[in-house]
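Working notes, beginning with the structure itself.
Letters A, B, ... are given to chains in the order of the sequence lines, protein chains preceding strands, and every chain is numbered from 1.
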Number of protein chains: 2
Amino acid sequence: MEQSRKRAKPGRNPGSVGRTSRPRQAEVAQLAGVSQATVSLVLSARTDGKAATISEETRQRVLDAARSLGYVHDPAARRLAAARNNLLGVFSFTATFPTDVQHSYYPFLVGVEQEAAARGYDLVLFTGSSAGGPDALSRVRLADGCLFLGRHAPGAELKRLVADGFPVVHLGRREELEGLAWVGADYVSASRAVVEHLAALGHRRIVLVREDDDAPASTDRQRGFVEGLAAVGGDAGPEAVLRCADPAGEVTAERVRALVEDGVTAFVAEETDTGAAWRALDAAVREAGLGCPGDVSLGLLGGPPPDLATAPVPMGFDVPRHQLGAAAVRLLAAMVAGEETHEPLVACAFRTGETAGPPGRRP
Amino acid sequence: MEQSRKRAKPGRNPGSVGRTSRPRQAEVAQLAGVSQATVSLVLSARTDGKAATISEETRQRVLDAARSLGYVHDPAARRLAAARNNLLGVFSFTATFPTDVQHSYYPFLVGVEQEAAARGYDLVLFTGSSAGGPDALSRVRLADGCLFLGRHAPGAELKRLVADGFPVVHLGRREELEGLAWVGADYVSASRAVVEHLAALGHRRIVLVREDDDAPASTDRQRGFVEGLAAVGGDAGPEAVLRCADPAGEVTAERVRALVEDGVTAFVAEETDTGAAWRALDAAVREAGLGCPGDVSLGLLGGPPPDLATAPVPMGFDVPRHQLGAAAVRLLAAMVAGEETHEPLVACAFRTGETAGPPGRRP
DNA sequence: TTGTATGCGTTATCAA
DNA sequence: TTGATAACGCATACAA
């Protein structure tokens, strides 16, 4: 099958055969009347700093020869000899490009691609689905290091990679795995800032609407919320956090109205894949006949779902997904280069929005 | 600089060093108590047909050893030795994930990823921006073959790849390069079908609004339009095609009204990145006070821009981007396997929509 | 300043 | 059925 061994008989005469094959350094060398090593030196001359170990004359001869032969590097050989692939892996347990765009990795990938390109790395995309074997993760070792997206990367195998010293970076806080490097958004600070913004406007009774899971992103937001409330001397009673399995079912107009009558002047909801908490809150407030920000102020701990783009912009913060992707690549590149780790948290951008104002009158 | 040569002293004892480095076949061999060549035989056993030149026992020993060491092939070495990588390249001259989502390759990539995964290939994303050198494209040779997106891949280098027998597939019709394989949407047939649909409704005077460039996608649409008109005996006068540098400037309410008074009963616009032609046509008809499909029927040769998703669904066709990506991968895989080319055109799906009806009364 | 020699990890041929 | 061994194209110590 393989039409390999395209070259001439063993050993001899590298230049004479291979009509259809691209020139190698040996042929350039022959034409220029120098050795292959010299060609390598000239052709891979580091642009950075000194490269002056070659006489200008032979340099030109080699360059001319290479040009006239149409020489280009063979990346495989180059990488083999240099012992690096210049390849960074991107692994997502689900498809990297889901048809359901709702929770796609696209925004992260923008930053990942930019940063990788800037550093001269190419990207290898691994999909968890593509090879179902138990050692599916070991394929990633083909890259110099690997970035993991999503929360589904199996812990055991990740642990193995880390233990072997393979450079791994997880996108999103993930501390239960000892020694796993990660990069995440600083939800705590950002959420606290939202509370502080409300407090500065005069609010003291604020309620958080969150879903009933224990994703780190949710936990962090709640922590920031509580911290913020404490810092401003706000009222963090037991009812300050509304934790509901189905926000739409539990955050009703009556509930909201009752809370407002009880003195609550502002609500914040956490951002999730589906935007369920924010949708439920928004609908309940509207249905309760409350004006925003006239009667109540609203905050969203994250960005609004894309289909609500035309609605009033919620006060809150934007998750810097591009920057997160870029930061992850920076960290990974540093690890590949054997350097030390760095600050894993990326700041979110506060968004003033249009849904927060001074506390309204109580109805 | 390069901390290559990481391994132990020349020659000896491959297994004892390299704690942080990926295992090679030699180490697997040592652990399994066989030679490196045997490992290669076992690990690259072709699944197709016979692979039975190794005893089942040593086979298992090797497999176990490889697994326990977390062995994976080195893509560079594998490629250098003239074997295959199971790596398919995806090259886009512009960023694959542009911040400007307008013309992103995302929909194609969905299909590309699915089909690649189904065939056991991983994807390497080569970003054009990373290396501007004259051999920027040569990096793709690391993969077994490469898919090119967008119209910006420099012809000279593409030609070189093709001439060297490197498997290349271009996404989108591209015939000016002799021997370049491509996969594209069948805009001609789809556009003709739109005209025929209008003709079946009774229309005879139809006008095409297109932009003033010569992209193959535009040319194909016009060709289908003209063919369709001819086939149904429609009136393809010199004014049947409105070719304008700035549709918004030239497709005005007056113009449309004049055409309608002259007997035109239907308009079709081409789809572009920006959707400019369709926007202009839609606005002009609306401003002319014409009802659709009451007074005039409209067709769109492609899909509507995402921000017009709430507007009435235009009659026309959908470009099967997923399928295009998948078809491109299929073709590329076939070329890698040394098989022959196939049908390059993928059919578009007709979309009935809500903007076409019987010809209206003339005002 | 340039050439020689060797290794990078894999595949493939051939002999045992 | 398995083990040596020779490429593959390039980079790089080291010698000249």
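Ion pair B:R79/B:D144 flagged as a salt bridge, since at least one NZ, NE, NH1 or NH2 atom sits closer than 4.0 Å to an Asp/Glu carboxylate oxygen. In this structure, A:D74 does not pair ionically with A:R78, as no charged nitrogen and carboxylate oxygen lie closer than 4.0 Å. A salt bridge is absent between B:E57 and B:R59: the closest approach of a Lys/Arg side-chain nitrogen to an acidic carboxylate oxygen does not fall below 4.0 angstrom. In summary, A:E176 and A:R174 engage in a salt bridge, as defined by a charged side-chain N under 4.0 Å from a carboxylate O.
Comparing D:dT2, C:dT2, D:dA11 against the side chain of A:T38 picks out C:dT2 as the nearest. The listed nucleotides are D:dC8, C:dG3, D:dT2; the one nearest the side chain of B:A81 is D:dC8. With D:dT12, C:dG7, D:dC8 as the candidates, the nucleotide lying closest to the side chain of A:L41 is D:dT12.
Atom CG in B:N85 sits roughly 16 Å away from atom P in C:dG9 (whole-Å rounding). Nucleotide C:dG9 holds its C1' atom 16 Å from the CZ atom of A:R141, rounded to whole Å. Remark: C1' of C:dC8 and CG of A:N86 are 15 Å apart, rounded to the nearest angstrom. Following rounding to the nearest Å, A:D74 (CG) and C:dT10 (P) show an atom-to-atom distance of 16 Å. Put simply, CZ on B:R61 is 15 Å from P on D:dT1, counting in whole angstrom units. Separating the NE2 atom of A:H73 from the C1' atom of D:dG9 is a distance of 11 Å, rounded to the nearest angstrom. Here the P atom of nucleotide C:dT11 and the CG atom of B:D144 are 12 Å apart, to the nearest Å. If you take CZ of B:R79 and C1' of C:dC8, they are 17 Å apart, rounded to a whole angstrom.
Within the structure, every side-chain polar atom (N or O) of B:R78 is placed at least 4.0 Å from both OP1 and OP2 of C:dT10. Within the structure, every side-chain polar atom (N or O) of B:S35 is placed at least 4.0 Å from both OP1 and OP2 of D:dA4. For the pair B:Q36 and D:dA4, the criterion of a side-chain N or O lying under 4.0 Å from OP1 or OP2 is not met. Contact annotation: A:R24 side-chain N/O to D:dC8 OP1/OP2 distance is under 4.0 Å. For D:dC10, neither phosphate oxygen OP1 nor OP2 lies less than 4.0 angstrom from any side-chain nitrogen or oxygen of A:S40.
Heavy atoms of A:V34 sit under 4.0 angstrom from primed sugar atoms or phosphate atoms, though from no base atom. Counting non-hydrogen atoms under 4.0 angstrom, B:Q25 reaches a base of the nucleic acid.
Environment of CD in B:E178: sparse, with no more than 12 heavy atoms of neighbouring residues, nucleotides or ligands closer than 6.0 Å.
When each of B:A76 and B:A37 is assigned the nucleotide of DNA chain C with its nearest heavy atom, B:A76 is the one assigned upstream, toward the 5' end.
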